[in-house]
Amino acid sequence: MKKTVKQSQPWTVMSAYNKLNGEYCTENDWLLNKILRDEWGFKGAVVCDWGAENNRVDGIKGGNDLEMPSSNGIGAEAVINAVKSNELDESVLDLCVDRVIDLSLKSNKYSKKNVNLTKPAEHHLLARKIASESMVLLKNSDNILPIDKSKKIAVIGETAVNPRYQGSGSSQVNPTKIDNFYDEAKKENFNFIYSQGYEKSTDNINIQMINEAKSVSKEADIVLLFVGLTEQYEAEANDRIHMNLPLNQSTLIGEVCAVNSNVVVILSGGAPVEMPWINNVKGLLNCYLAGQAGAGAIVDIISGKVNPSGKLAESYPLHLEDVPCSKYYPDRFAPFYKESIYVGYRYYDTANKDVLFPFGYGLSYTEFDYDDINVNINDDDKTVSVSFKITNTGKRDGAEIAQVYVQSKSSAIYRAKKELKGFEKVFLKAGETKNIEIKLDERAFSFYNVKKGSWQIENCGYTVLVGASSRDIKLSSDLNISFYDDYEIPDYKGCAPSYYSAEVDNISDFEFEAVYGKALPPQSVNPDKPLDFNSTFSDGKDVKAVRIMKKVIRFAVGKTAPNELQANVAYSSVMSVPIRTIISMSQGFISEETAQGMVDILDGKGVAKPLFHILKGLLKSLKYLPKLLDTVA
């Protein structure tokens, strides 16, 4: 994010819902002012994530400029009162107002009414090209891909006709058109028979669908099996509780592989999944969430029109239990990041943990050789230049993403075994060689010194590694850096030795407290503390009124959701949302008086009086109802 701010100066940055070190990110002066503005030089406006503002006055003090969505005067009234009482310095408010006005003026310059999309066909083709370059070929045994379109092909899975192409919740956008594989394969004259195999809207196993899919697959030369995480399995405002595919899909994979050995899985979804079936399939194309033209991009790759070149931007663990934070998270009240720096490949590679697919991994229909590494230090600007050659030694044109990692030889401070510090994508014709040069700045060799509150470079030996993934290192070169004399290395060897060996899957509170630098906060809600606007429906006391309230919410959610899976997701979201967020997201319709009535019922303070305040508040807020309904519509 620092690079984005420094190099492109975005107009806005969004502040987060959660607390960081005990302070809401929307009110965090250190985060928004000292780091974002003073250190990184951000000039734009900070906008809170929708409903994330905790206290409007404290938000302005902390550097959050714009509250979203509008609370229809509730926040404004609090700000006015704070200025009148001298709680909020007017000069601080002026800075906030200036940034919001500047954003408005810049936005108005580009705003147009009744805009027509002038080149929808060209834009769709661009989306197809981007999707094809983003997909990652993870397995290709016996060169099963690309396929011969004239062979007898079985296309199995509902996502072949009803694709999972975007996220769920606020990430949803309105596409100009949506491709599906069934139609795109017809256009390209694929010789295939389709079978649905499962229903996306449920994870229940449909024996009839599975038997039909087996019958079609048994007679085919190749099976293209479309599966993936559905909108119900990964959605906004919900944490995943496992890494499995829906049960009906994982069952289908096993049954199809039992009758055909030439299976290629076409996987959709926004995150890693466990793959107990991986040894039974010959091909695996990971499409992620490929957008409206993603189906056409799949056709291009599996037919060989496009040579895949995507690489994983994350590690794929074998099991959920292999993830270092799995024992500590989720904890809604106070999640401890005990894994420290050991996230993703930094953990797996340092701890020598087996993974399903490593960070940076991705196959191609051609092959690449790396050679001739040179590393040079420029003492004037304290940069390091890394140069090497890549040759396409295969028979197809293709692109490779070369990755540069840095490894410290010192053991004074605990660090990951290697860290990605640069990369470059290069297109090479068959037989072509190109020289690649990647420059590394000071930060590439730095570590963050918590005790000093700054990034520091340790004078020591380093190894620069060049590879095709974090576990496929092709070239290496050593160098020594002595840029600085004035630095201090914090020593955690005596108080937190587990961090030096990356054995962080069972860190004690004692070791984490030593690294954290202060006493750990409590990890549970004090049952004697009264509930407030930061409480959730799930925090409610176990009394009859609260149980009835939860049943009413469950019923209402069930009536509006299209199926049971989505009803479960929606109910979980509602139960975990702070009451203050309901105020802001209702745009004033749920007033503070109404919300307080809800809190009192949840806190076990009876029903009659809180219900009176709820109804009274709703009557006062009826004027906001049309605006709320218009927003929802």
Distance alone, cut at 3.5 Å: any donor-acceptor contact between the side chains of [X] and [Y]?
{"X": "Ser498", "Y": "Glu511", "result": "yes"}
{"X": "Thr230", "Y": "Gln232", "result": "yes"}
{"X": "Tyr500", "Y": "Thr350", "result": "no"}
{"X": "Glu400", "Y": "Ser309", "result": "no"}
{"X": "Ser268", "Y": "Tyr165", "result": "no"}
{"X": "Glu321", "Y": "Ser326", "result": "no"}
{"X": "Asn248", "Y": "Thr251", "result": "no"}
{"X": "Asn307", "Y": "Ser364", "result": "yes"}
{"X": "Tyr405", "Y": "Gln403", "result": "yes"}

*Decide side chain to side chain donor-acceptor pair (under 3.5 Å) for Gln292 and Thr176; before the verdict, give the C-alpha distance in whole Å, the side-chain angles of both, and the deciding distance to 0.1 Å.*
CA-CA 8 Å; Gln292 67 178 49; Thr176 58; 2.8 Å; yes
For atom [atom1] of [X], decide whether the heavy atoms of other residues, nucleotides or ligands shown that lie under 6.0 angstrom number more than 12.
{"X": "Lys353", "atom1": "NZ", "value": "yes"}
{"X": "Phe423", "atom1": "CZ", "value": "no"}
{"X": "Glu424", "atom1": "CD", "value": "yes"}
{"X": "Lys425", "atom1": "NZ", "value": "yes"}

_Run Lys389 and Asp371 through salt bridge (Lys or Arg N to Asp or Glu O under 4.0 Å) and show every step you take._
CA-CA 5 Å; Lys389 294 178 180 178; Asp371 193 20; over 6 Å; no
*Does the pair Lys214 and Glu255 meet the rule for a salt bridge (Lys or Arg N to Asp or Glu O under 4.0 Å), with working shown?*
CA-CA 7 Å; Lys214 288 173 63 178; Glu255 294 292 331; 3.0 Å; yes
*Donor-acceptor pair, side chain of Lys152 and main chain of Asn191, under 3.5 angstrom*: no
*Gln196 side chain to Tyr198 backbone, donor-acceptor under 3.5 Å*: yes
*Under the side-chain hydrogen bond (donor to acceptor under 3.5 Å, both in side chains) rule, collect the residues that match up with Glu184, sequence neighbours excluded.*
Arg128, Lys187
*Identify, with sequence neighbours excluded, every residue that meets side-chain hydrogen bond (donor to acceptor under 3.5 Å, both in side chains) alongside Thr391.*
Thr433
*Can you list the steps and then say if Asn392 with Thr366 is a side chain to side chain donor-acceptor pair (under 3.5 Å)?*
CA-CA 7 Å; Asn392 182 346; Thr366 189; 2.6 Å; yes
*Is it true that the NZ or CZ of Lys186 lies under 6.0 Å from the centre of Phe192's six-membered ring and within 45 degrees of the ring axis?*
yes
*Applying the side-chain contact (heavy atoms from CB on, under 4.5 Å) test to Val273, which of Asn286, Leu267, Val227, Asn244 qualifies?*
Leu267
*So Arg164 and Glu234, salt bridge (Lys or Arg N to Asp or Glu O under 4.0 Å) or not? Walk me through it.*
CA-CA 11 Å; Arg164 172 86 196 286; Glu234 50 175 5; 2.9 Å; yes
*Does Val263 reach the side chain of Asn280, with side-chain heavy atoms less than 4.5 Å apart?*
no
_Tell me if the centroids of the rings in Phe336 and Tyr328 come within less than 6.0 Å of each other._
no
_Angle between ring planes, Phe181 versus Phe190, binned at 30° and 60°: parallel, tilted or perpendicular?_
perpendicular
